[in-house]
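Pasting a structure below so you can have a look.
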Amino acid sequence: MSAAPAEDLVKRWESEQARLRQEVVEEDTEDWQRSADFSGLERVGGVDLSFIKGDDVNACAQLVVLSYPDLEVLYEDSQMVTLTAPYIAGFLAFRETPFLLDAIQRLEKNQPELLPQVVFVDGNGLFHYREFGLACHLGVLSGLPCVGVAKNLLQVQGVYKNDEHQSQIAALQKGGDSFPLTAASGKVLGKALRSSDKSSKPVYVSIGHKISVDTAVRLTHTCCRYRVPEPIRQSCASSGPSVIISWLKSITLPSSSSSFTH
DNA sequence: GCGACAG
DNA sequence: ATCTTGTCGC
């Protein structure tokens, strides 16, 4: 019957990406982005979805807001959610964005004064098959400046994980060093950044929305205590596990007590 | 058949 | 994403 069930879905998603792609702003739009020390920047956000071992449907959506430049936690939101869309490489946003957007809107409604001035996203932005990764998607739909940070290189648009790439990585001497990820077209889609002196493996930074590549790279570097930028690290590690555990208990206990009804 | 495949 | 312990090094 339907040998290729996702084919039609993928086509719709592709046109949706093409439509929203036109809304991406690839330049700095905020005053603090022009400042050498980012003066005026007080809150940076991070978002992430955490999963449990064999369950790719239930996840914990998290949003944290940290102070800048101290990187202290100002706000934290964790919400168990039920995912509907499958994970297909190149379409991560359709799986995760709705829940990340929900978290941002909850904050906007309850404590708008804590809204982050920029959001770090776990995944790529412009560095994407169609130049519209998760960070762009969330940026356009939320209207907030966003930065995409991926932990692994996506081989796309003529960028390969070959010997040339490896030698460029080897040339990154200290935290803050970077090299461009240039598409076959010549466009710089992002940069590989050595985020700290300690980590030899770079992170891949690309813009999501309302920020320039160079500003995104500079900002990412100042938000790194370890390899992964603190906003993303905090959103991954803070309350994720405990929220998932309490959620597991909440669905396990009622079912066991129901055995008393018979 | 083999490699790639953000999270 | 997550599965998994120890291990080597500063």
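Order of the sequence lines sets the chain letters (A, B, ...), proteins ahead of strands, with each chain counted from 1. Below, each value reflects all heavy atoms present in this structure, side chains not excepted, and no hydrogens, waters or symmetry copies.
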### Query
Does the gap between the ring centers of A/Phe179 and A/His165 come in under 6.0 Å?
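Yes, the ring centres sit under 6.0 Å apart.
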
#### Entry: Whole-Å distance separating the CZ atom of A/Arg233 from the P atom of B/dG7
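From A/Arg233 CZ to B/dG7 P: 17 Å.
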
#### Entry: Length of the CG-P vector between A/Leu138 and B/dG7, whole Å
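Taking atom P of B/dG7 as the reference, CG of A/Leu138 is at 16 Å.
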
### Query
Under 4.5 Å between any side-chain heavy atoms of A/Arg21 and A/Leu126, yes or no?
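Yes; the side chains approach each other to less than 4.5 Å.
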
### Query
Taking the same atom, P, in C/dC3 and in B/dA4, what whole-Å distance lies between them?
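My reading of the P atoms in C/dC3 and B/dA4 gives 24 Å.
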
### Query
To the nearest angstrom, how far is A/Leu154 atom CG from B/dA6 atom C1'?
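It is 6 Å, rounded to the nearest whole Å.
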
### Message
If you define the side chain from C-beta out and look only at heavy atoms, does anything of A/Phe127 sit under 4.5 Å from A/Ile207?
### Response
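No, their side chains stay 4.5 Å or more apart.
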
### For A/Phe99, all residues meeting ring-ring contact (aromatic ring centres under 6.0 Å, His included), sequence neighbours excluded
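A/Phe99 satisfies ring-ring contact (aromatic ring centres under 6.0 Å, His included) with no other residue.
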
#### Entry: Within residues 175-187 of chain A, residues whose heavy atoms come under 4.0 Å of DNA chain B
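Hits under 4.0 Å, by residue number: none.
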
### Query
Under 3.5 Å, is there a donor-acceptor pair between the side chain of A/Gln62 and the main chain of A/Gln234?
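No, the answer is negative, given that no donor and acceptor are paired below the 3.5 Å cut-off.
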
### Inter- and intrachain pairs under side chain to side chain donor-acceptor pair (under 3.5 Å), touching residues 89-111 of chain A, at least two apart
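Residue pairs with at least one partner in residues 89-111 of chain A: A/Asp77-A/Arg106.
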
#### Entry: Bracket string, DNA chain B, 5' to 3' - pairs by Watson-Crick or G-U geometry under 3.5 Å, | interstrand
.......

### Task
Give A/Gly148 one of three labels, base, sugar-phosphate or nothing, depending on what nucleic acid heavy atoms sit under 4.0 Å from its own.
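Counting heavy atoms under 4.0 Å across all strands, no contact is made by A/Gly148.
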
### Message
Closer than 4.0 angstrom, basic N to acidic O: yes or no for A/Lys11 and A/Asp8?
### Response
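Salt bridge absent between A/Lys11 and A/Asp8.
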
Could I get a table of every N or O pair under 3.5 Å where one atom is in the protein and the other is in nucleotides 1-6 of chain C?
unit_1 : atom_1 : unit_2   : atom_2 : d
C/dA1  : OP2    : A/Lys151 : NZ     : 3.0

### Query
Rounded to the Å, how far apart are A/Ile88 CD1 and B/dA6 C1'?
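So the CD1-C1' distance, A/Ile88 to B/dA6, works out to 14 Å.
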
### Query
For atom P, what is the distance between C/dG6 and B/dG1, given to the nearest Å?
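Here C/dG6 and B/dG1 have their P atoms 38 Å from each other.
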
### Between B/dA6 (P) and A/Lys191 (NZ): distance, integer Å
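Answer to the nearest Å: 23 Å.
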
### Task
Could you tell me whether the side chain of A/Gln117 and the main chain of A/Arg43 form a donor-acceptor pair under 3.5 Å?
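Side chain of A/Gln117 to backbone of A/Arg43: a pair is present.
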
### Task
Calculate the interatomic distance between A/Ile232 atom CD1 and B/dA6 atom P; express it in whole Å.
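Value for this atom pair: 15 Å.
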
### Query
For A/Tyr87 and B/dG7, do the ring centres fall under 5.5 Å apart while the planes stay under 30° apart?
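It does: the two rings, one from A/Tyr87 and one from B/dG7, meet the stacking criterion.
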
### Query
Hey, is the main chain of A/Glu72 close enough, under 3.5 Å, to the side chain of A/Asp70 for a donor-acceptor pair?
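Judged by distance alone, no pair lies under 3.5 Å.
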
### Task
Rounded off to whole Å, could you give me the CG-to-C1' distance for the A/Leu134 and B/dA6 pair?
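Computing the A/Leu134:CG to B/dA6:C1' distance gives 8 Å.
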
### Message
Taking any heavy-atom pair under 4.0 Å as a contact, classify A/Tyr160: base, sugar-phosphate, or nothing.
### Response
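Result for A/Tyr160 = nothing.
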
### Query
Side chains of A/Ser195 and A/Tyr226: do they bring a donor and an acceptor to under 3.5 Å?
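The criterion, which ignores hydrogens and geometry beyond distance, is not satisfied for A/Tyr226 and A/Ser195.
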
### Query
How far, in whole Å, is B/dC2 from C/dT5 if one measures between their P atoms?
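It works out to 30 Å between them.
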
### Task
Please report, rounded to the nearest Å, how far the P atom of B/dA6 is from the CZ atom of A/Phe91.
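My rounded result for the distance is 13 Å.
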
### A/Asp37-A/Ser35 side chain donor-acceptor pair, cut-off 3.5 Å
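Note: A/Asp37 and A/Ser35 side chains meet the donor-acceptor criterion.
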
### Task
Would you mind reporting whether A/His209 and A/Glu26 have side-chain heavy atoms less than 4.5 Å apart?
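No, too far: nothing below the 4.5 Å cut-off.
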
### Task
Kindly indicate whether the side chain of A/Val228, heavy atoms from C-beta on, has any atom under 4.5 Å from the side chain of A/Phe120.
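Side-chain contact under 4.5 Å: no.
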
### Task
Please determine if a side-chain N or O atom of A/Lys161 lies less than 4.0 Å away from the OP1 or OP2 oxygen of B/dA6.
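It does not, given that no N or O in the side chain of A/Lys161 lies less than 4.0 Å from OP1 or OP2 of B/dA6.
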
### Query
For DNA chain C, which consecutive runs of 3 or more Watson-Crick or G-U pairs (each distance under 3.5 Å) count as stems?
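Looking at DNA chain C, no stem of three or more consecutive pairs is formed.
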
### Query
Tell me, do A/Val10 and A/Glu14 make a side-chain contact under 4.5 Å, heavy atoms counted?
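A side-chain contact under 4.5 Å exists here.
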
### Task
Classify the ring geometry between A/His137 and A/Phe94 as parallel (under 30°), tilted (30 to 60°) or perpendicular (over 60°).
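Perpendicular: the ring planes of A/His137 and A/Phe94 meet at over 60°.
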
